[in-house]
Amino acid sequence: DSGVTQTPKHLITATGQRVTLRCSPRSGDLSVYWYQQSLDQGLQFLIQYYNGEERAKGNILERFSAQQFPDLHSELNLSSLELGDSALYFCASSVDGQPFYEQYFGPGTRLTVT
Amino acid sequence: GDSVTQMEGPVTLSEEAFLTINCTYTATGYPSLFWYVQYPGEGLQLLLKATKADDKGSNKGFEATYRKETTSFHLEKGSVQVSDSAVYFCALSRPLAGGYNKLIFGAGTRLAVHP
């Protein structure tokens, strides 16, 4: 158990809908990262937050947004969903944003868009 | 841009065989290097890491050495077990502007170990 929790585990929704994925980092970790894992794209970095502020952006679509709250949990919002958004979404956390600190991954949320 | 290239899988081995999974990277500066493992139905777990050239990371019998001259970080294990069957990801982390970072992953290599 990494100490990172994600809810829900599974999500099935229709095209055009909006969903929210939730992540709670390990106790004491200030940095949260979101990743998307799909068969065709592999593991892709989406976005990083540090202590409530956005710090780095990767291949995140404009239809997607995220935030980190004062209690350090984070939410990833996916809107106008398309079939291609079906993937595993992972959240990870680390002590801070330095590159030599490992990231601890949650179990993921499997999103299926029908 | 930064990238990580891993040998394609699947890699199929018998129990107690020697394992090598090749990983090479392209990055400016001095990245930190990681191996993560993903067991079926689970999230990624850190297996080992190295933060500077010639560092050797090791854990659970797995080893990898950070070779800057060949930009490689190959994963090895002397004697694999059935329980090592998983997908292995090589990754690098390089500082971005502002001192923050992101992980860049290879495509992953699936390992299947048979009794």
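Reminder, nothing fancy here: chain letters follow the sequence lines and each chain counts from 1. No experiment lies behind these values; they were computed from the predicted model shown.
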Item to check | Pairs touching residues 70-80 of chain B that satisfy salt bridge (charged side-chain N to carboxylate O under 4.0 Å, His left out), sequence neighbours left out | outcome: B:K77-B:D84
Item to check | Contact origin within A:Q37 toward chain B - heavy atom pairs under 4.5 Å | outcome: side chain
Item to check | Close approach to chain B in residues 106-114 of chain A, criterion heavy atom under 4.5 Å | outcome: A:G106, A:P107
Checklist entry - With sequence neighbours left out, what residues match B:F18 under ring pair (Phe, Tyr, Trp, His ring centres under 6.0 Å)? => result none
Checklist entry - Are A:V4 and A:V32 joined in one hydrophobic group, where the rule is that I, L, V, M, F, W and Y side chains link up if heavy atoms are under 4.5 Å apart? => result no
Next on the checklist: I'd like to know whether A:F90 forms a side-chain contact (heavy atoms from CB on, under 4.5 Å) with B:L44, so could you lay out the CA-CA distance, the side-chain angles of the two residues, the decisive distance to 0.1 Å, and finally the verdict.
Outcome noted: CA-CA 9 Å; A:F90 288 107; B:L44 279 76; 4.1 Å; yes
N/O donor-acceptor pairs under 3.5 Å from side chains in residues 104-115 of chain B, not counting sequence neighbours:
unit_1: B:T109; atom_1: OG1; unit_2: B:Q6; atom_2: NE2; d: 3.0
unit_1: B:T109; atom_1: OG1; unit_2: B:M7; atom_2: O; d: 2.7

Checklist entry - Same hydrophobic cluster for B:F89 and B:L92, using side-chain heavy-atom links shorter than 4.5 Å among ILVMFWY? => result no
Checklist entry - Between B:Y36 and A:L43, is any pair of side-chain heavy atoms under 4.5 Å apart? => result no
Checklist entry - Does one hydrophobic cluster hold both A:L30 and A:W34, with members joined at side-chain heavy-atom distances below 4.5 Å? => result no
Next on the checklist: To the closest 0.5 Å, what do you measure between OG (A:S94) and CG (B:L46)?
Outcome noted: 11.5 Å
Next on the checklist: If I take atom CG from residue B:L47 and atom CD from residue A:E102, how far apart are they, to the nearest 0.5 angstrom?
Outcome noted: 12.0 Å
Checklist entry - If you draw a 6.0 Å radius around CD in B:E16, do more than 12 non-hydrogen atoms from other residues or ligands fall strictly inside? => result no
Item to check | Under 4.5 Å from any heavy atom of chain A - which part of B:Q45 | outcome: neither
Checklist entry - Are A:Y89 and A:I60 connected, step by step, through hydrophobic side chains (Ile, Leu, Val, Met, Phe, Trp, Tyr) whose heavy atoms are closer than 4.5 Å? => result yes
Item to check | hydrophobic_cluster_shared for A:L88 and A:V19, side chain cutoff 4.5 Å | outcome: no
